[in-house]
Each structure stands twice: as C-alpha cells, then as structure tokens.
Peer 1: 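Below is a structure I'd like to ask you about.
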Amino acid sequence: MKLAVTLALVATTLTVSLPASAQFQKPEDAVKYRQSALSLMGTHFSRLGAMANGRVPFDAKVAQDNAALVETLSKLPWAGFTADSEKLRSKAKPEIWMDQAKFKQASETMMADVAKLNVAAKTGNLDQIKAAFGNAAGSCKACHDAFRE
Ligand code: ASC
C-alpha cells in the first residue's frame, strides 16, 4: 500500500515536471492542442472586439469574462509548438523553430498585451478597453504575419 502511494506520487511529480513535448503522446496531439487554444482565444477575443468596435452593445460583465478567458488562454498555445511537431503540415511557419527567441518574444508581447486588456476590462471603461484591445490585436497580427502561413 505504501509503495503504491509512493509510486503514485512519483508518477504525478514526473507528469508535472516533464517538458512540454513529453506531455503529448503524438506530435499530432501537440498541433491539435495549440490550434484548439488559439481557436478558443480567437473566439473570446472576437467577442471583445465586437464591443470595442461597436458592433454589439458594450456590456462590462461580458467584457470582463471574455478578457479573463483570453488572458488564461494566452498562456496555453506555446507548449504545443514542440520540436517534433515542426514536420507536420499546419499553418505554423518554419521560422517558429528557426528563430525561437523571436517567437518567444512575440508570444510574451502578446501575453503582456492581453494581461493589460484584462486589467482594462476590469475598470469597465470602454475607452480603456478599446485602447488595450487595439494593442493586443496588433500583437496577434504581428505574430501571425511573421510566423503563420
Ligand atoms: C481575432 C482573431 C485573431 C486576431 C487578429 C487581430 O479576433 O481571431 O487572430 O483577432 O485578427 O489582428
């Protein structure tokens, strides 16, 4: 019994501390993971955009909920850009793996911008949200221009 508990603890520790690539059974799973995270981020970011651009009426609570989700989701895609998924067909450009420092910098800029968008959403001030949304949309686009087909 004690051994079983110890083994379970060791297994849990290993799972948590393994590198990202080892968290996916197949390279395809990593691609699916990052695409899912980016797709969800786009969905919730677009709902904020609709309010920032006046296409739907501003609702402070809806803006807060979506901005909080976007900030959380922004942390997820990167683990899916595993070395062994580079060879798979997707919109990811080889530059992601060729210039990893630049890709990491772009991801950090985006995460910082959406964290600021979340702060702005909590104020409930539409002008602040509009400004922060514009910056975040710019960092999404910059990364897509450089790293997405
Ligand atoms: C979105 C979405 C993106 C970004 C980007 C901003 O709503 O899905 O990828 O905004 O278009 O420039």
Side-chain angles (χ1 to χ4, degrees), residues 8 11-149:
T12 308
T13 312
L14 279 177
T15 309
V16 171
S17 58
L18 280 174
S21 57
Q23 291 173 19
F24 301 104
Q25 291 196 343
K26 310 189 290 292
E28 289 80 359
D29 293 345
V31 175
K32 195 170 166 189
Y33 180 89
R34 70 188 193 225
Q35 288 176 341
S36 304
L38 287 161
S39 173
L40 278 172
M41 195 169 21
T43 298
H44 293 286
F45 191 67
S46 298
R47 289 180 189 166
L48 275 163
M51 285 187 275
N53 297 323
R55 288 197 305 277
V56 305
F58 177 57
D59 181 322
K61 171 79 166 69
V62 173
Q64 280 170 23
D65 290 349
N66 282 289
L69 283 169
V70 169
E71 183 180 1
T72 299
L73 289 163
S74 73
K75 296 168 185 162
L76 302 181
W78 323 115
F81 290 94
T82 54
D84 63 2
S85 67
E86 180 182 0
K87 62 185 182 299
L88 296 179
R89 183 190 290 271
S90 80
K91 289 188 198 161
K93 283 188 183 170
E95 281 77 2
I96 291 170
W97 290 273
M98 281 160 31
D99 197 346
Q100 292 185 20
K102 192 175 167 215
F103 183 62
K104 187 163 189 286
Q105 180 59 57
S107 74
E108 284 168 358
T109 300
M110 186 278 275
M111 287 189 278
D113 281 347
V114 301
K116 286 181 197 158
L117 176 59
N118 193 18
V119 171
K122 284 180 180 151
T123 69
N125 179 303
L126 182 57
D127 286 334
Q128 287 191 39
I129 294 170
K130 282 182 183 172
F133 179 85
N135 287 336
S139 61
C140 295
K141 187 177 183 309
C143 199
H144 290 165
D145 288 349
F147 296 109
R148 185 177 73 163
E149 299 287 359

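As the structure lists them, so they are numbered: ligands from 1, and atoms in each ligand from 1. We use all heavy atoms of the structure for the numbers below, so side chains are in, but hydrogens, waters and symmetry mates are not.
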Peer 1: Is the centre of the W78 ring less than 6.0 Å from the centre of the F103 ring?
Peer 2: yes

Peer 1: Please walk me through it: do K26 and D29 pass salt bridge (charged side-chain N to carboxylate O under 4.0 Å, His left out)?
Peer 2: CA-CA 5 Å; K26 310 189 290 292; D29 293 345; 3.4 Å; yes

Peer 1: Among protein heavy atoms, which sits nearest to atom 12 (O) of ligand 1, and what does the distance come to when rounded to 0.1 Å?
Peer 2: A137 O, 3.1 Å

Peer 1: Looking only at protein heavy atoms, which one is nearest to atom 2 (C) of ligand 1, and how far off is it?
Peer 2: G42 CA, 4.2 Å

Peer 1: Does some side-chain heavy atom of V31 sit less than 4.5 Å from a side-chain heavy atom of F24?
Peer 2: no

Peer 1: Would R148 and C143 count as a side chain to side chain contact (heavy atoms under 4.5 Å, CB included) if you check the C-alpha gap in whole Å, the side-chain angles of each, and the deciding distance to 0.1 Å?
Peer 2: CA-CA 7 Å; R148 185 177 73 163; C143 199; over 6 Å; no

Peer 1: With a sphere of 6.0 Å drawn around NZ of K91, does it hold more than 12 non-hydrogen atoms of other residues, nucleotides or ligands?
Peer 2: no

Peer 1: C140 heavy atoms, cut-off 4.0 Å: which ligand 1 atoms fall inside?
Peer 2: 4 (C), 5 (C), 6 (C)

Peer 1: For ligand 1, which atoms, with element, lie under 4.0 Å from some heavy atom of F45?
Peer 2: 1 (C), 7 (O), 10 (O)

Peer 1: H144 heavy atoms, cut-off 4.0 Å: which ligand 1 atoms fall inside?
Peer 2: 9 (O)

Peer 1: Which heavy atom of the protein is the closest neighbour of atom 7 (O) of ligand 1, given with residue, atom name and distance?
Peer 2: S46 OG, 2.9 Å

